[in-house]
Amino acid sequence: MADSLRLSVLKALTAHVAGINRLDGYNFDLKNAVFRGRNRFSENDPSTMVSILENPRPDYGNTVGDKTTRSEMWPLMMQGWCPDDPQNPSDNVYGLLDDVERHLARIIAEDKFTGVPTFPAEYMLGNLITALEITPGVVRPPTDGISSRSFFYLPLRVGLAVDLA
C-alpha cells in the first residue's frame with residue numbers, strides 16, 4: 001500500500017529535521033532522534049529528541065474547482081527535549097528550538113531577488129507541500145505530570161493540495 005499524502009509529508013519532515021547535526025553548525029545532532037506520532041517516552045529514548053504530532057484541531061480547507069480538490073493548512077506540533085542545564089533547566093532547550101526553526105526555514109528559503117529556492121533539494125519537501133508556516137515556539141520548564149525535563153512546543157502549519165477524487 002502506498003503512503004498517503006499526509007504520511008509522506010510526515011516522513012519527509014522527519015527526515016529533514018533528523019538532518020540537524022553539529023557538523024553543519026547546529027548545537028545538536030538529531031540523527032535517529034526524530035519521531036512521529038509519539039507522545040510518551042522513556043529513559044531508553046535519546047536524551048535529545050523531537051516528536052512531530054498532529055494538532056487535534058484541524059483548520060478548515062477550501063474546496064476549488066469541481067469541489068474534489070481542497071487547499072488546506074494542516075496544523076502540526078513539534079516538541080523537543082534535551083538535557084536540562086543544572087542551574088537554569090530550560091536554557092538548553094532554547095538552543096534546540098533555534099536549531100529546529102533554522103533548519104525548517106530551509107524548506108521555504110528563497111533568494112530575496114529572484115525567488116529561486118535557496119536549497120532546491122529541500123524546497124517544499126520536494127514539492128510535497130505548498131507552504132510552511134513556522135509559528136512562534138514556546139519553551140516550558142519541567143512540569144509534574146507533563147515532562148520531567150524542559151521542552152519546547154513549535155506549532156507549524158503545512159500547506160497541502162488534496163485531491164479527493
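To the nearest 0.5 Å, the span separating NE2 on His103 from CD1 on Ile134 amounts to 11.0 Å. Interatomic distance, OG1 of Thr118 versus NZ of Lys112, reported as 10.0 Å (0.5 Å rounding). For the atom pair Ser150 OG and Leu97 CG, the distance stands at 12.5 Å (nearest 0.5 Å). Note that the CG atom of Asn92 and the OG1 atom of Thr48 stand 8.5 Å from one another [nearest 0.5 Å]. Distance CH2/Trp74 to CG/Leu132: 12.0 Å, rounded to 0.5 Å. Atom-to-atom distance recorded for Gln87:CD and Asp91:CG is 9.5 Å, nearest 0.5 angstrom.
The main-chain N or O of Thr114 is found under 3.5 Å from a side-chain atom of Asp111 such that the two form a donor-acceptor pair. His16 contributes no side-chain N or O that, together with a main-chain N or O of Lys11, makes up a donor-acceptor pair within less than 3.5 Å. Remark: the backbone N or O of Val139 is not paired with any side-chain donor or acceptor of Ser90 at under 3.5 angstrom. No donor-acceptor distance shorter than 3.5 angstrom exists from the side chain of Asp24 to the backbone of Asn21, with no hydrogens or angles considered.
Ser8 and Leu128 get closest at one heavy-atom pair: O-CD1, 3.7 Å. Smallest separation of non-hydrogen atoms from Phe28 and Gly95: CE1-C, 3.7 Å. Pairing each heavy atom of Phe35 with each of Asp45, the nearest pair is CZ-OD1, 4.5 Å. Among all heavy-atom pairs drawn from Ile20 and Val100, the shortest one is CD1-CA, 3.8 Å.
Using a 4.0 Å cut-off between charged nitrogen and carboxylate oxygen, Glu72 and Arg6 count as a salt-bridge pair.
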message: Arg149 vs Cys82, test: side-chain contact (heavy atoms from CB on, under 4.5 Å). Steps then yes/no.
response: CA-CA 8 Å; Arg149 293 186 285 158; Cys82 64; 5.6 Å; no

message: Go through it in stages, so that I can follow the logic: the residues are Asp29 and Arg22, the test is salt bridge (Lys or Arg N to Asp or Glu O under 4.0 Å), and I'd like the CA-CA distance, side-chain angles, deciding distance and then a yes or no.
response: CA-CA 6 Å; Asp29 289 302; Arg22 286 188 176 95; 3.0 Å; yes

task: Start with the C-alpha distance between Leu7 and Arg36, add both sets of side-chain angles, then the distance that settles side-chain contact (heavy atoms from CB on, under 4.5 Å), and finish with yes or no.
output: CA-CA 10 Å; Leu7 182 55; Arg36 298 182 298 278; 4.2 Å; yes

task: Could you walk me through whether Arg106 and Tyr123 pass side-chain contact (heavy atoms from CB on, under 4.5 Å), step by step?
output: CA-CA 7 Å; Arg106 293 170 64 102; Tyr123 190 72; over 6 Å; no

Step-by-step side-chain contact (heavy atoms from CB on, under 4.5 Å) determination, Val17 to Met78: CA-CA 10 Å; Val17 175; Met78 289 190 143; 3.4 Å; yes

Would you give me the side-chain donor-acceptor pairs under 3.5 Å for residues 152-165, sequence neighbours excluded?
{"residue": "Arg157", "atom": "NE", "partner": "Asp59", "partner atom": "OD2", "Å": "2.9"}
{"residue": "Arg157", "atom": "NH1", "partner": "Glu133", "partner atom": "OE1", "Å": "2.9"}
{"residue": "Arg157", "atom": "NH2", "partner": "Asp59", "partner atom": "OD2", "Å": "2.6"}
{"residue": "Asp163", "atom": "OD1", "partner": "Ala165", "partner atom": "N", "Å": "3.1"}

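Note on Leu53 and Met73: separate hydrophobic clusters, where clusters join Ile, Leu, Val, Met, Phe, Trp and Tyr whose side-chain heavy atoms are under 4.5 Å apart, directly or indirectly. Val138 and Met77 fall within a single hydrophobic cluster, where Ile, Leu, Val, Met, Phe, Trp and Tyr side chains are chained together by heavy-atom contacts under 4.5 Å.
In this structure the side chain of Pro89 reaches within 4.5 angstrom of the side chain of Pro142, judged on heavy atoms. Contact of the Val93 side chain with the Asp85 side chain is not registered, since no non-hydrogen atoms from C-beta on lie closer than 4.5 Å.
Residues Asn27 and Asp99 have side chains that bring a donor and an acceptor to within less than 3.5 angstrom of each other.
The cationic group of Arg140 does not satisfy the cation-pi geometry with Phe151, failing either the under 6.0 Å distance to the six-membered ring centre or the 45° limit from the ring axis.
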